[in-house]
Amino acid sequence: MVTTINKISEYVGQEVKIGAWLYNKRSSGKIQFLQLRDGTGFIQGVLVKKQVSPEVWEQAQNLTQESSLYVTGTVRQDDRAPSGYELDVTDVEPIQVAEEYPIALKEHGVEFLMDHRHLWIRSPRQRAILKIRAEIIRAIQDWLNNESFTLVDPPVLTPSSCEGTTNLFHTKYFDEDAFLTQSGQLYMEAAAMALGRVYSFGPTFRAEKSKTRRHLIEFWMIEPEMAFCAHEESLNIQENLLSHVVQHVLKHCEAELKQIGRDTKPLENVTAPFPRITYDEAVELLNKEGMEFKWGEDFGAPHETKIAESFDKPVFITHYPVEVKAFYMKPDPERPEVALCADLIAPEGYGEIIGGSQRIDDPELLKQRFDEHRLPKEAYEWYMDLRRYGTVPHSGFGLGLERTVAWICGLDHVRETIPFPRMLNRLYP
RNA sequence: UCCUCCGUAGCUCAAUGGUAGAGCGGCCGGCUGUUAACCGGUAGGUUGUAGGUUCGAGUCCUACCGGAGGAGCCA
């Protein structure tokens, strides 16, 4: 019976055949232990010299780390095995005896591992992280689909900046200039006017020379946008979405979280509602904690960490000064100097994982903002149209996938959260 | 772009300005329950690059290249 390691428990006492790679091998004169992996899991194959043919014994002996093979054996329950099962090997068919494998089973430096990222992802830890990443994506999409959101894909090639703040990757679009998207948001606003509740899931690009553990040049965002939705309701959606994601991962990725050594205690706490403080209160908190901070500035990473430390859940910081936020954010009617916006700061120093706001729906005010920010109105005529033809209150937010994965996995750098990270000075492999 | 630190064997790291070494990985041998197995043997080097100081530089100085951490910007 041909099967995979994750289904091995169904075949106790039976002979199975699996395609696998040799992760590691230990042997003595008359017994060999093959550490096998097939992508779905890990299992140990046991060969006893007396019980196999000399040919099989020798073929097993010649296998090197990461050699590919078909292995046949009888499944046996064994308390000594980490997974609870072992394979008593009866036959080994090498597909390829691998060349000397660069990644030894020991510690390596970051640069070396990044140069070998295409092989590094085979390791148990990296595999677990990528599994959790996929499960986080699944949980996000499940929740949104269930709440009547429609998936809409915005373009990657765009004629101009969405927010006009960061540096974009420039390219040619035949005779025109084009840029890789830094956010699908403006397009999602158009989509929300067509479909009500929408979300996008795709890569975004920032040509910033950022060099920190929280930054990638290419990263993935989930950007929901909701028509007929005010700021407060958007926050409710955000906290419900995120607590669903965290609880889903706790439930479905127990083995993977254990594999990477994540302390799950702080995650169990992550249930809606999340604490909400205003920008004003955050400034006060910082000053009380001895960090000097003037009203009107934007928070830096140390400030965010300090604020997050005061809470044991992700915390919303709302009502930032209009000046430090994007042009499209709606001012608070009660207090026009602050915006109806919020950043969600993750605990444990992982920083901002969501940024969102209610959008300006008044055509006159939006026009005014274009002037204040010196944005070329011609390029945004289509965006203005959304306010001319049946404008409605609407809100949306962007969830940074890699920072969310880093936080949930407890990683110290986002480079491990994505299969092939694009970073400053890193385009290979 | 700025600040700090680091470049020595395939990898991880040692080496007072005075003969470049260990562990892992490789290869050869040994071992019937190993968990990054262990034990013995063996091969493996233009010390990031280019200058300089010195009787003598892996070590000190300068520049450049590469990397790490952080800042800014942001998710």
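Chain identifiers are assigned alphabetically (A, B, ...) following the order of the sequence lines, protein sequences preceding nucleic acid strands; residue numbering begins at 1 within each chain.
Put simply, the side chain of A:E86 and the base of B:G33 share a donor and an acceptor less than 3.5 Å apart. For B:U32, its base never sits under 3.5 Å from the side chain of A:K49 at any donor and acceptor pair. Taking 3.5 Å as the limit, the base of B:U34 and the side chain of A:Q44 contain a donor-acceptor pair of atoms between them. Judged by distance alone, with hydrogens and angles left aside, A:H215 brings a side-chain donor or acceptor within reach of the base of B:C74, the pair sitting under 3.5 Å. The base of B:C74 is paired with the side chain of A:R403 by a donor and an acceptor separated by under 3.5 Å. Contact annotation: side chain of A:S210 to base of B:C73, donor-acceptor pair present below 3.5 Å.
Counting only N and O atoms by type, the side chains of A:Q185 and A:E223 include no donor and acceptor under 3.5 Å apart. Side chain to side chain, A:S357 and A:R359 meet the donor-acceptor criterion of an N or O pair below 3.5 Å. A:D361 and A:H394 form no side-chain donor-acceptor contact under 3.5 Å, judged by distance and modelled atom types alone. Defined by atom type and a distance below 3.5 Å, a donor-acceptor pair is present between the side-chain atoms of A:H248 and A:E135.
Ring geometry, A:Y279 versus A:F299: the interplanar angle falls from 30° to 60°, so the pair is classed tilted.
One can place CG of A:D78 at 12 Å from P of B:U34, the figure rounded to the nearest angstrom. A:Q32 places its CD atom 16 Å from the P atom of B:U34, with the value rounded to the nearest Å. In this entry the distance linking CD of A:Q65 with P of B:C11 reads 15 Å, nearest Å. Separating the CE atom of A:M423 from the C1' atom of B:A68 is a distance of 11 Å, rounded to the nearest angstrom. Counting to the nearest Å, the C1' atom of B:G72 and the CD atom of A:E297 are 13 Å from each other.
Base contact: A:F219 has a heavy atom under 4.0 Å from a base atom. In this structure, A:G300 reaches the sugar-phosphate backbone alone: every heavy-atom distance under 4.0 Å involves primed, P, OP1 or OP2 atoms, never a base. As judged by a 4.0 angstrom heavy-atom cut-off over every strand, A:E352 is placed among residues touching the sugar-phosphate backbone only. Among the atoms of the strands shown, base atoms are found under 4.0 Å from some heavy atom of A:S27.
To the nearest whole angstrom, the two C1' atoms, one in B:U46 and one in B:G58, are 13 Å apart. Spacing of P atoms, B:G18 relative to B:U12, comes out at 26 Å, to the nearest Å.
By the neighbour-count criterion of 12 heavy atoms within 6.0 Å, atom CD of A:E93 is densely surrounded, having more than that number from other residues, nucleotides or ligands.
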Test side chain to side chain contact (heavy atoms under 4.5 Å, CB included) applied to A:L250 and A:V246, step by step: CA-CA 6 Å; A:L250 284 173; A:V246 171; 4.3 Å; yes
Pair A:F169-A:F179, ring-ring contact (aromatic ring centres under 6.0 Å, His included): steps then yes or no: CA-CA 5 Å; A:F169 279 100; A:F179 301 89; over 10 Å; no
Using atom types as modelled, flag every donor-acceptor pair under 3.5 Å from a side chain in residues 114-124 of chain A to any protein atom, sequence neighbours excluded.
| residue | atom | partner | partner atom | Å |
| --- | --- | --- | --- | --- |
| A:D115 | OD1 | A:R426 | NH1 | 2.8 |
| A:D115 | OD1 | A:R426 | NH2 | 3.1 |
| A:H116 | ND1 | A:F112 | O | 2.8 |
| A:R117 | NE | A:P419 | O | 2.6 |
| A:R117 | NH1 | A:Q126 | OE1 | 2.9 |
| A:R117 | NH2 | A:I418 | O | 2.9 |
| A:R122 | NH1 | A:E66 | OE1 | 2.9 |
| A:S123 | OG | A:W120 | O | 3.0 |
| A:S123 | OG | A:Q126 | N | 3.4 |

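In this structure, the side chain of A:K325 does not engage the main chain of A:Y320 through any donor-acceptor pair within 3.5 Å. Looking at A:E402, its side chain never comes within 3.5 Å of a backbone N or O of A:T417 through a donor-acceptor pair.
Contact annotation: A:R214 side-chain N/O to B:A71 OP1/OP2 distance is under 4.0 Å. At least one side-chain nitrogen or oxygen of A:R415 sits closer than 4.0 Å to the OP1 or OP2 atom of B:G69. When the side-chain nitrogen and oxygen atoms of A:K106 are compared with OP1 and OP2 of B:C11, none of them lie within a distance under 4.0 Å. The phosphate of B:G66 has neither OP1 nor OP2 within less than 4.0 Å of any side-chain N or O from A:N425.
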Base-pairing string, 5' to 3', of RNA chain B - Watson-Crick or wobble, under 3.5 Å, | interstrand: (((((((..((((....[..)))).(((((.......))))).....(((((..]....))))))))))))....
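Map A:L216 and A:A301 each onto its nearest nucleotide of RNA chain B; the residue landing nearer the 5' end is A:A301.
If you check residues 113-139 of chain A against RNA chain B, you find no residue with a heavy atom closer than 4.0 Å.
Residue ring and nucleobase are not stacked for A:F33 and B:G33 under a centre distance beneath 5.5 angstrom and an angle between planes beneath 30°.
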